[in-house]
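Values below: all heavy atoms of this structure, side chains included; hydrogens, waters and symmetry mates excluded. This structure is a prediction, so every number in the text was calculated from the model and none was measured.
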Amino acid sequence: MGNVIIRDAIAADLPYVAEIYTYESLYAYSTFETEERPLSDWEHKLDSGDPFLVAVDGGQVLGFAYASPFRDRPAYGRTREVSVYLHRAARGERLGSRLYDDLLPRLVDAGFHTALALIALPNKASVKLHERAGFELAGTMREVGDKQDRMIDVGIYQRML
Ligand SMILES: CC(C)(COP(=O)(O)OP(=O)(O)OC[C@H]1O[C@@H](n2cnc3c(N)ncnc32)[C@H](O)[C@@H]1OP(=O)(O)O)[C@@H](O)C(=O)NCCC(=O)NCCS
């Protein structure tokens, strides 16, 4: 993983981003999506103006992190939800931490007040990643996800920016 760089996502990255996310949607519970998302969803996200970063080795996208509005009510405007996903072959190499090390200062610079991460549990790697990045458990929503034949808790992790 020596030559991995973190940079802003570009349109050419989106098929790789979609592939990583589709795997999580279909075969894991880290996202509560259950189907493939159309590429146009990712294009809209890229155009949204919120930070959207990729970890890239050569031409290969190994993972991504982005911020998005938490909810669409105007008073939530200074809150952002953050998300991070890596390809299966790129985990455990601190790429998630590197993506957040770049993403979170951008939210500070943009004047956001707080960041939230919703983590479907259990997910030791994600909990550790977020705790290392300064997030704390604000509460747990019990059995809100129905996936892989079980009801899944979601931890709400929060960091003041
Ligand atoms: C969660 C995820 C982004 C973490 O990124 P990563 O680059 O693999 O994590 P890092 O290498 O930066 O490690 C972060 C911490 O988690 C620990 N960790 C990593 N994998 C772990 C595992 N499988 N079990 C327990 N701890 C683990 C690391 O040791 C490190 O802890 P430390 O700082 O105490 O040493 C990545 O594993 C991933 O994409 N998982 C699937 C998608 C997902 O769950 N996304 C998060 C949705 S909320």
Side-chain angles (χ1 to χ4, degrees), residues 1-72 76 79-112 114-135 145 147-148 152 154-159 161:
M1 300 285 163
N3 297 319
V4 178
I5 60 160
I6 309 294
R7 61 161 170 77
D8 288 301
I10 58 173
D13 299 325
L14 296 181
Y16 302 98
V17 165
E19 190 183 330
I20 292 168
Y21 196 76
T22 296
Y23 181 87
E24 295 301 304
S25 302
L26 300 183
Y27 305 114
Y29 58 84
S30 63
T31 169
F32 284 171
E33 291 281 0
T34 56
E35 295 175 358
E36 186 170 359
R37 270 165 66 167
L39 204 56
S40 56
D41 280 12
W42 294 107
E43 289 163 355
H44 288 140
K45 188 170 284 302
L46 190 60
D47 291 343
S48 71
D50 276 320
F52 185 165
L53 305 176
V54 285
V56 183
D57 189 353
Q60 183 70 36
V61 176
L62 301 177
F64 58 97
Y66 58 80
S68 45
F70 171 56
R71 299 186 77 174
D72 63 4
Y76 284 116
T79 299
R80 281 296 179 269
E81 183 175 346
V82 292
S83 305
V84 55
Y85 295 92
L86 303 179
H87 188 280
R88 303 182 292 297
R91 295 178 190 166
E93 306 274 352
R94 299 239 171 262
L95 292 185
S97 300
R98 285 183 59 190
L99 281 159
Y100 267 20
D101 286 348
D102 197 322
L103 186 81
L104 293 169
R106 291 180 188 230
L107 296 181
V108 175
D109 291 347
F112 291 111
T114 188
L116 297 173
L118 271 53
I119 306 179
L121 301 172
N123 187 340
K124 279 186 188 166
S126 186
V127 166
K128 278 199 164 184
L129 169 79
H130 285 88
E131 287 177 345
R132 265 177 51 90
F135 286 74
K147 197 170 181 185
Q148 296 187 332
I152 301 174
V154 171
I156 304 166
Y157 283 76
Q158 181 170 24
R159 183 185 131 158
L161 295 169

Evaluate the side-chain proximity of [Y] to [X]: yes if any heavy-atom separation is below 4.5 Å, no if none is.
X	Y	value
L129	F135	no
S68	R80	no
Y29	P122	yes
D41	E33	no
V84	L103	no

Side-chain donor or acceptor of [X] paired with backbone N/O of [Y] under 3.5 Å:
X	Y	result
R71	Y76	no
T114	R159	yes
S48	K45	yes
R98	V4	yes

Which value, rounded to the nearest 0.5 Å, describes the distance between [X] atom [atom1] and [Y] atom [atom2]?
X	Y	atom1	atom2	result
Y21	F64	OH	CZ	7.5 Å
I119	S83	CD1	OG	10.0 Å
T34	L26	OG1	CG	8.0 Å
Q60	D13	CD	CG	10.5 Å
K128	S97	NZ	OG	11.0 Å
R106	L53	CZ	CG	4.5 Å

I need the minimum non-hydrogen distance between [X] and [Y], along with the two atoms involved.
X	Y	value
F32	A120	CE2-CB, 3.8 Å
V54	L99	C-CD2, 3.8 Å
A18	L39	CB-CD1, 4.1 Å
Y85	I20	CB-CG2, 4.1 Å
A9	L46	O-CD1, 3.4 Å
D50	A67	CB-O, 3.2 Å

> Between Y23 and Y27, how do the two ring planes meet: parallel, tilted or perpendicular, split at 30° and 60°?
Replying inline: tilted

> Going by the angle between their ring planes, with limits at 30° and 60°, are F52 and W42 parallel, tilted or perpendicular?
Replying inline: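 The rings of F52 and W42 sit tilted, inter-plane angle from 30° to 60°.
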
>> Tell me whether E19 at atom CD has more than 12 heavy atoms from other residues, nucleotides or ligands lying less than 6.0 Å away.
In response: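 No, CD of E19 has 12 or fewer neighbouring heavy atoms, counting only those of other groups under 6.0 Å.
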
> Would the number of heavy atoms belonging to other residues, nucleotides or ligands and lying under 6.0 Å from CD of E36 be above 12?
Replying inline: no

> Step by step, would you call T31 with E24 a side-chain hydrogen bond (donor to acceptor under 3.5 Å, both in side chains)?
Replying inline: CA-CA 6 Å; T31 169; E24 295 301 304; over 6 Å; no

> Stepwise, does the side-chain hydrogen bond (donor to acceptor under 3.5 Å, both in side chains) test hold for Y100 with H130?
Replying inline: CA-CA 9 Å; Y100 267 20; H130 285 88; 2.7 Å; yes

> Name the one of T79, L104, L107 that satisfies side chain to side chain contact (heavy atoms under 4.5 Å, CB included) with F112?
Replying inline: L107

